[in-house]
Amino acid sequence: MALGEFDLIRSFFDRPGLRSHFSDVVGIGDDCAIISLPNDQQLAQSLDTLVEGVHFPEDCDPHLLGCRALAVNLSDLAAMGATPHSFTLGLTLPESNSVWLQSFSDGLTELATTHQIGLIGGDTTRGPLTISIQVQGTLPKGKALRRNGAKAGDLIYVSGYLGEAAGALPAVLRGEKPENASTSEEQYLLQRYYRPSPRVSLGQWLLENGASAALDISDGLLGDLGHILKASQVGAELNISSVPVSSELESLLGVEKARELALTGGDDYELCFTWPEQKKLQLPDSLLADNHVTCVGRITPSPGLVDAETGQPLSPQAYQHF
Ligand code: ADP
Ligand code: MG
């Protein structure tokens, strides 16, 4: 059954599980949403757009799409150390399909509930399926995990295991869903693609405890670490053999291809951060349990990214074999 625009918004987006838990927020229903911030806080904002056929395959499971669309935006807040506050949703739909909308809204609600972030407004239009989400988060005034704070001597860390979303891509493009994957490895990788884990608590802890720089890895470690190096005007030595690769990725693709994807594959949404060498990184147990964190290299004064073992320059292109 096709719903009108306002019924659609009321049924699927102005629902209890998506409402803000901040009592002073003006959410869906007015011309603008309103949020207020305590005097000692500032607002962090980020927008990501996912287009069908470009950022996700046609006929993608709407529940997984709802999870993924919000997760990639939450990952940007995590990278700055921000606390999720609220989000708006620009939704372009080819048709008003209640079954699709219910499932998409359930996926959004699942992640919004986990991260306590409310949907406070948006826009709904007809056209090729496109999902734009803008997230807002809060940061203590004057503080943020920026890309430009890395100093020579700092250690470089990453969260999670890398290359998994890129490893899932062939199966994603074939239209496979996690629940009917042919092997348990493939199922695991598909889950990692569709349900990235935004490292929100880790980002907040890193901000509070003095990480020097951070970003989220969306385009591959080599390229994204390059953004930190450029912004901070430093270089780095990377220990390629310590870049974390899961046994699932290795057994599916072999050691060499798995490592290539871990260095250059996109869509992982893990954090890469730098940590001052004079301080020991001591994550609390609560974070250690959920965030596998690995030291992968060190910042150097001279610019350029090199292999720590051979001294050879590393670039995303040079490392791509295919
Ligand atoms: P306007 O006429 O001011 O552009 P709309 O009629 O587009 O407002 O939307 C009505 C209300 O519903 C607004 O509060 C808007 O923020 C909200 N809204 C519209 N689309 C969405 C959506 N996809 N998700 C969440 N809120 C939405
Ligand atoms: Mg209006």
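Since the structure is predicted, the reported quantities are computational estimates derived from the model, not experimental observations. Atoms within a ligand are numbered from 1 in the order they appear, just like the ligands themselves.
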| request: Mark up the atoms of ligand 1 that fall under 4.0 Å of a heavy atom belonging to Thr124, in ascending order. | output: 19 (C), 20 (N), 21 (C), 22 (C), 23 (N)
| task | Return the minimal non-hydrogen interatomic distance between Cys272 and Leu225, and the atom names on each side. | result | SG-CD1, 4.1 Å
| field | SB check Lys257 Glu260 (cutoff 4.0 Å) | value | yes
| remark: Looking only at non-hydrogen atoms, the one of Thr92, Thr125, Leu89 nearest atom 22 (C) of ligand 1 is Leu89
| request: Give the atoms of ligand 1, by number and element, whose distance to some non-hydrogen atom of Ile28 is under 4.0 Å. | output: 12 (O), 14 (O), 17 (C), 25 (C), 26 (N)
| field | Option passing side-chain hydrogen bond (donor to acceptor under 3.5 Å, both in side chains) with Ser75 (candidates Asp216, Asp268, Asp48) | value | Asp216
| Geometric N/O contact Gly27 with ligand 1, under 3.5 angstrom | no
| message | Only heavy atoms of Asp123, strictly under 4.0 Å: list the atoms of ligand 1 that pass. | response | 7 (O), 19 (C), 20 (N), 21 (C), 22 (C), 23 (N)
| task | Please confirm whether Gly122 comes within less than 3.5 Å of ligand 1 when only nitrogen or oxygen atoms on both sides are compared. | result | yes
| request: Verify, without hydrogens or angle tests, whether Arg298 (side chain) and Leu155 (backbone) share a donor-acceptor contact under 3.5 angstrom. | output: no
| message | Assess, by modelled atom type and distance only, whether the side chains of Asn180 and Glu176 contain a donor and an acceptor separated by less than 3.5 Å. | response | no
| field | Enumerated ligand 1 atoms positioned under 4.0 Å from heavy atoms of Phe6 | value | 6 (O)
| task | Examine distances only and state if a side-chain atom of Gln45 and a backbone atom of Val135 form a donor-acceptor pair shorter than 3.5 Å. | result | no
| With no hydrogens and no angle check, is any side-chain donor or acceptor of Thr114 less than 3.5 Å from a backbone partner on Glu110? | yes
| request: Just jot down the ligand 1 atoms closer than 4.0 angstrom to any heavy atom of Gly121, in number order. | output: 16 (O), 24 (N), 25 (C), 26 (N), 27 (C)
| For ligand 1, the portion of Asp30 having any non-hydrogen atom under 4.0 Å away | backbone
